[in-house]
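So you know, we letter chains A, B, ... as the sequences are listed, proteins then strands, and number each from 1.
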Amino acid sequence: MIEINHASKWYGDFQVLNDCTTRVDKGEVVVICGPSGSGKSTLIKCVNGLESIGSGDISVDGSKVNGRKTNLNQLRSRIGMVFQSFELFPHMSVLDNVMLGQLKVLKRSTDEAEQRAQALLLQVGLADHAYKYPAQLSGGQQQRVAIARGLAMDPIAMLFDEPTSALDPEMINDVLDVMVDLAQDGMTMMVVTHEMGFAQKVADRIVFMDEGRIVEDSPKDEFFKAQGSERAKEFLSKILTH
Amino acid sequence: MGDFDYSVIFDNLPLLIDGLKVTFLLTILAVVGGIVLGTLLALIRIAKVPVISWVAAAYVNFFRSLPLILVIFWLYFLVPLFLGRPVGSFYSVLIAFILFEAAYYSEIIRAGISSIRSGQVAAGRAIGLSYPQTMRYIVLPQAFRSMVPVLLTQAIVLFQDTSLVYVVGLKDFLVSAELIANRDQRLVEMFVLVAIVYFFFSFAGSLYARHLQRKLSV
């Protein structure tokens with residue numbers, strides 16, 4: 001579904017991604033973790049072309065993200081993305097946030113878009129909040145709306161860029177529960193997160209990054225038991241003891 | 001001031017109101033035109049298209065470096081020359097105001113657009129919206145909301161500046177009042193009235209702008 005081959009990227013002289021190769025198959029949940037500045041957010045943003053890569057290539061469902069012939073807008077509409085800072089549209093109601101892409105990109109009718117939006121808000125537990133504005137919701141609620149907004153496009157895969165890092169602890173689980181449900185329903189997911197509980201529960205594979213490189217890429221059980229690299233061990237011991 | 005004669009105002013009310021209508025019409029059309037053209041210029045500059053963005057920047061800097069009265073004067077002679085027929089002073093000054101104000105509005109709008117977090121653009125693009133769609137549905141509505149007080153303040157300045165049409169003799173409020181003043185030898189009454197009217201609308205406008213500013217900053 002998502003294939004990343006030898007992707008590298010530079011910001012001036014600084015190399016943010018260094019020859020990254022990995023893949024996410026259909027229905028698979030891959031968790032990407034690593035210390036801050038390791039390039040994991042950059043990598044996930046390259047998957048839907050929000051960031052461009054310097055060399056190598058990335059393809060989603062057979063279309064090259066960095067290909068000249070690819071209609072990037074169309075490709076993006078088929079990949080949902082959830083940001084660390086939610087990025088709901090503050091001037092629109094929750095319902096309109098979830099409807100916008102359906103109306104303007106998928107060209108659905110207003111009735112159809114609204115029905116789909118209402119169903120998704122119900123799914124993420126926010127049916128009562130449809131007519132509120134983002135600023136009236138808690139961070140956890142906003143992030144669940146953002147997930148609904150992504151799902152409204154009927155995506156073939158969902159990307160999560162540290163979806164719980166900006167949340168108060170008591171709200172993290174509400175968001176993770178929604179993500180676990182999604183994973184169990186068979187959604188293809190690529191998740192940048194430090195939530196190892198989530199990884200334990202639903203991840204198929206764990207990718208560990210450090211200094212722009214993919215240091216480890218292994219099935220979940222292997223990762224948690226064996227912990228091949230010293231760097232990954234050190235990282236895990238740090239985040240698991242807290 | 002003992003012989004301040006109010007009757008000259010009431011006797012000439014229709015004339016004065018006609019003049020005020022011209023002033024308001026000019027202000028409103030110039031604000032609308034200026035914002036439309038200014039938004040376009042701002043978007044072109046932000047999009048960083050080679051050559052075109054440079055031309056837009058040059059346009060803005062050019063008009064911001066000229067006195068308004070000069071632009072009004074020039075356009076008064078240039079527009080008929082350009083079109084090959086007389087257009088009337090109203091349209092020539094309207095064009096002058098729109099061209100001139102657009103330069104100022106574009107700077108306000110550019111600042112407004114820049115104040116929207118880049119994450120909002122990313123979120124728009126991530127659901128598949130094109131760049132123009134992202135601007136139209138996500139960035140501009142938010143930018144305009146935050147800019148309303150500044151745009152209004154600029155409109156008040158423009159309202160006062162419309163009195164510069166004096167130089168081409170267009171019968172706006174000021175010119176109408178001056179005609180009456182000279183004809184009836186009532187200079188004091190007329191120019192006091194003009195001052196009060198300009199002050200009233202400008203002050204009310206700036207109070208409203210301040211109110212909006214406070215409301216939006218909460």
Side-chain angles (χ1 to χ4, degrees), chain A residues 41 44-52 71-92 96-108 113 133-135 142-143 145-162 166, chain B residues 35-36 38-40 42-44 46-50 53 105 108-152 208-209 211-218:
Chain A
S41 281
I44 203 167
K45 281 181 184 142
C46 288
V47 172
N48 67 351
L50 286 180
E51 299 262 5
S52 56
N71 180 341
L72 200 50
N73 292 334
Q74 202 201 349
L75 186 62
R76 281 184 184 131
S77 73
R78 302 172 63 208
I79 311 168
M81 182 154 202
V82 174
F83 299 86
Q84 180 177 355
S85 47
F86 328 135
E87 300 298 351
L88 292 182
F89 308 130
H91 58 300
M92 294 180 190
D96 287 340
N97 264 276
V98 184
M99 286 171 65
L100 182 70
Q102 300 187 66
L103 295 174
K104 303 301 173 193
V105 180
L106 302 181
K107 312 280 182 202
R108 285 182 184 155
Y133 281 80
Q142 288 190 48
Q143 195 59 300
V145 174
I147 294 172
R149 177 175 70 183
L151 291 174
M153 309 299 287
D154 296 323
I156 52 173
M158 285 287 284
L159 309 175
F160 293 85
D161 184 9
E162 303 205 32
Chain B
I35 289 178
V36 170
T39 305
L40 224 80
L43 287 174
I44 291 171
I46 285 177
K48 296 215 168 68
V49 188
S53 294
Y105 277 123
I108 296 172
I109 292 160
R110 202 158 66 103
I113 292 172
S114 312
S115 73
I116 305 300
R117 284 205 320 273
S118 64
Q120 287 285 302
V121 176
R125 302 308 301 275
I127 55 173
L129 294 176
S130 64
Y131 180 76
Q133 283 179 320
T134 306
M135 280 290 158
R136 178 167 164 209
Y137 298 114
I138 295 164
V139 177
L140 285 180
Q142 292 184 59
F144 272 111
R145 194 160 299 197
S146 66
M147 285 180 311
V148 166
V150 195
L151 293 174
L152 184 57
Y208 188 58
H211 165 75
L212 285 176
Q213 186 113 54
R214 235 172 324 200
K215 208 170 107 186
L216 286 167
S217 67
V218 172

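- Each of A:Ala146, A:Pro90, A:Gly150 has some count of heavy-atom pairs under 4.5 Å with chain B, and the biggest count is that of A:Pro90.
- Neither the backbone nor the side chain of A:Leu72 has a heavy atom closer than 4.5 Å to any heavy atom of chain B.
- When side chains are defined from C-beta on, A:Ile44 counts as touching A:Met81, because their heavy atoms get closer than 4.5 Å.
- To the nearest 0.5 Å, the span separating CG on A:Leu88 from CD on A:Gln143 amounts to 7.5 Å.
- Proximity to chain B is limited to the side chain of A:Phe83, based on heavy atoms less than 4.5 angstrom apart.
- Listed for the B:Ser53 side chain is no donor-acceptor partner under 3.5 Å among the backbone atoms of B:Pro50.
- Close approach to chain A, defined as a heavy atom under 4.5 Å from one of its heavy atoms, is seen in B:Gly119, B:Gln120, B:Ala122, B:Ala123, B:Gly124, B:Arg125, B:Ala126, B:Ile127 of residues 119-127 of chain B, taken by number.
- The environment of OH in B:Tyr208 is sparse: at most 12 heavy-atom neighbours from other residues, nucleotides or ligands sit within 6.0 Å.
- In this structure, the side chains of A:Met158 and A:Ile147 come closer than 4.5 Å at one or more pairs of heavy atoms.
- By the 4.5 Å heavy-atom criterion applied to side chains, A:Val105 and A:Asn73 are not counted as neighbours.
- Judged purely by atom type and a 3.5 angstrom limit, A:His91 uses its side chain to pair as donor or acceptor with the backbone of B:Tyr137.
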